[in-house]
Amino acid sequence: MFRSTRTLRRFTVGALSAAALAGAFGVGAVVAQQQTAATKVTALTKQAISEYPGHEVTMLTLDIPPGGGSPPHRHPGHHIFGYVLEGAYAIKLDDGPERTLTKGETFYEVPGQLHAVSRNASETTPAKVLVVILAESGKPITVPEHP
C-alpha cells in the first residue's frame, strides 16, 4: 500500500498531528461547556398551611459559590420571596433588567415567572440567599426553561 518507509512516516506523523489537534479542540470544547459551581441548597423547614388547603411553605438557603448560579427556570404555582444574607446576587426576571442585590435586599417572583438569571454576582466571594416559597403542594419547586 505504501511505496516507501518515508511515505509511511509522513502519513503517520500527519495522522498523529491531526489527532492531537482534534484532541486539543475537543478539550477546549469540554472546558467551555463545564457547568458553573453547584449551589448548596439547605432546607430549613416545610409546613403545610391548614388555612390554605393544597399549599405549603418551604424555607431554604442557597449558598452560591463564586461564579456559581443556575440556568433559566420557572417556579410553577409558587410565590418566591428572597432575601440576600451575604454577598451579591444577580437576578433577572422575565425580560426585565438584570439587577444585582446585596446584603439586606429582597426580591419576589410571581408563580410561573421566568427566572432568566440567578447567579452569584461575584467571581471571588460566596453569596447566601434565604428563600421562602409559598407552593402548591405536589408541584416541583423548579422547572428548567427550555430554549
Side-chain angles (χ1 to χ4, degrees), residues 8-147:
L8 178 58
R9 238 183 269 149
R10 282 185 185 167
F11 176 80
T12 303
V13 168
L16 290 173
S17 297
L21 188 59
F25 279 111
V27 169
V30 169
V31 170
Q33 293 176 359
Q34 285 181 345
Q35 298 290 332
T36 57
T39 296
K40 178 184 173 195
V41 179
T42 304
L44 303 174
T45 189
K46 185 175 188 177
Q47 178 66 50
I49 307 298
S50 59
E51 297 83 7
Y52 195 23
H55 292 80
E56 58 197 19
V57 171
T58 301
M59 184 181 295
L60 49 89
T61 56
L62 305 175
D63 288 286
I64 312 167
S70 63
H73 59 274
R74 296 178 189 269
H75 305 284
H78 307 330
H79 295 268
I80 309 290
F81 301 86
Y83 178 79
V84 180
L85 296 168
E86 300 171 9
Y89 177 65
I91 184 170
K92 177 178 171 23
L93 301 174
D94 287 329
D95 60 355
E98 183 172 323
R99 300 179 296 147
T100 298
L101 306 176
T102 57
K103 185 177 180 178
E105 293 187 285
T106 64
F107 64 91
Y108 168 70
E109 295 176 56
V110 299
Q113 187 171 30
L114 175 63
H115 198 153
V117 172
S118 175
R119 65 177 168 77
N120 186 335
S122 172
E123 293 291 328
T124 58
T125 306
K128 186 169 193 162
V129 179
L130 173 68
V131 178
V132 177
I133 305 165
L134 175 58
E136 287 184 34
S137 302
K139 286 196 175 181
I141 292 177
T142 302
V143 175
E145 181 71 3
H146 299 288

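Nothing here was measured: the structure is a model prediction, and the numbers come from that model.
No donor-acceptor pair closer than 3.5 Å links the side chain of Asp94 to the backbone N or O of Gly96.
A 4.5 Å side-chain heavy-atom check between Val131 and Val41 finds every atom pair outside the cut-off. In this structure the side chain of Leu60 reaches within 4.5 angstrom of the side chain of Ile133, judged on heavy atoms. Side-chain contact between Ile91 and Val117: absent, with no pair of heavy atoms (C-beta onward) separated by less than 4.5 Å. Taking 4.5 Å as the limit, every side-chain heavy atom of Val143 sits out of range of all side-chain heavy atoms of His73. Within the 4.5 Å cutoff, the side chain of Val57 has heavy atoms near those of the Val132 side chain.
The two residues Asn120 and Gly67 make their nearest non-hydrogen contact at CB-N, 4.2 Å. Ile49 and Glu56 get closest at one heavy-atom pair: CG1-CA, 4.1 Å. Shortest non-hydrogen contact noted between Tyr89 and Ser118 is OH-OG, 2.7 Å. In this structure, Pro66 and Pro126 approach most closely via the heavy-atom pair CG-N, 3.9 Å. The shortest non-hydrogen separation linking Arg74 to Gly112 is NH1-O, 2.7 Å. Between Met59 and Leu130, the shortest heavy-atom contact is CG-CD1, 3.7 Å.
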* Are Lys128 and Leu62 close enough, and set up right, to give a side-chain contact (heavy atoms from CB on, under 4.5 Å), and what steps lead you there? -> CA-CA 6 Å; Lys128 186 169 193 162; Leu62 305 175; over 6 Å; no
Take Leu44 and Thr61 through the side-chain contact (heavy atoms from CB on, under 4.5 Å) test and state the conclusion after the steps.
CA-CA 7 Å; Leu44 303 174; Thr61 56; 3.8 Å; yes
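The aromatic rings of Tyr108 and Phe81 sit tilted, their planes meeting at an angle between 30° and 60°.
Within the structure, salt bridge (Lys or Arg N to Asp or Glu O under 4.0 Å) contacts touching residues 107-123 (residues at least two apart or in different chains) are Glu98-Arg119. For residues 41-63, the pairs satisfying ring-ring contact (aromatic ring centres under 6.0 Å, His included) are Tyr52-His55, with sequence neighbours left out.
Under the rule for a side-chain contact (heavy atoms from CB on, under 4.5 Å), the partners of Pro72 that lie at least two apart in sequence or sit in another chain are Leu114, Glu145.
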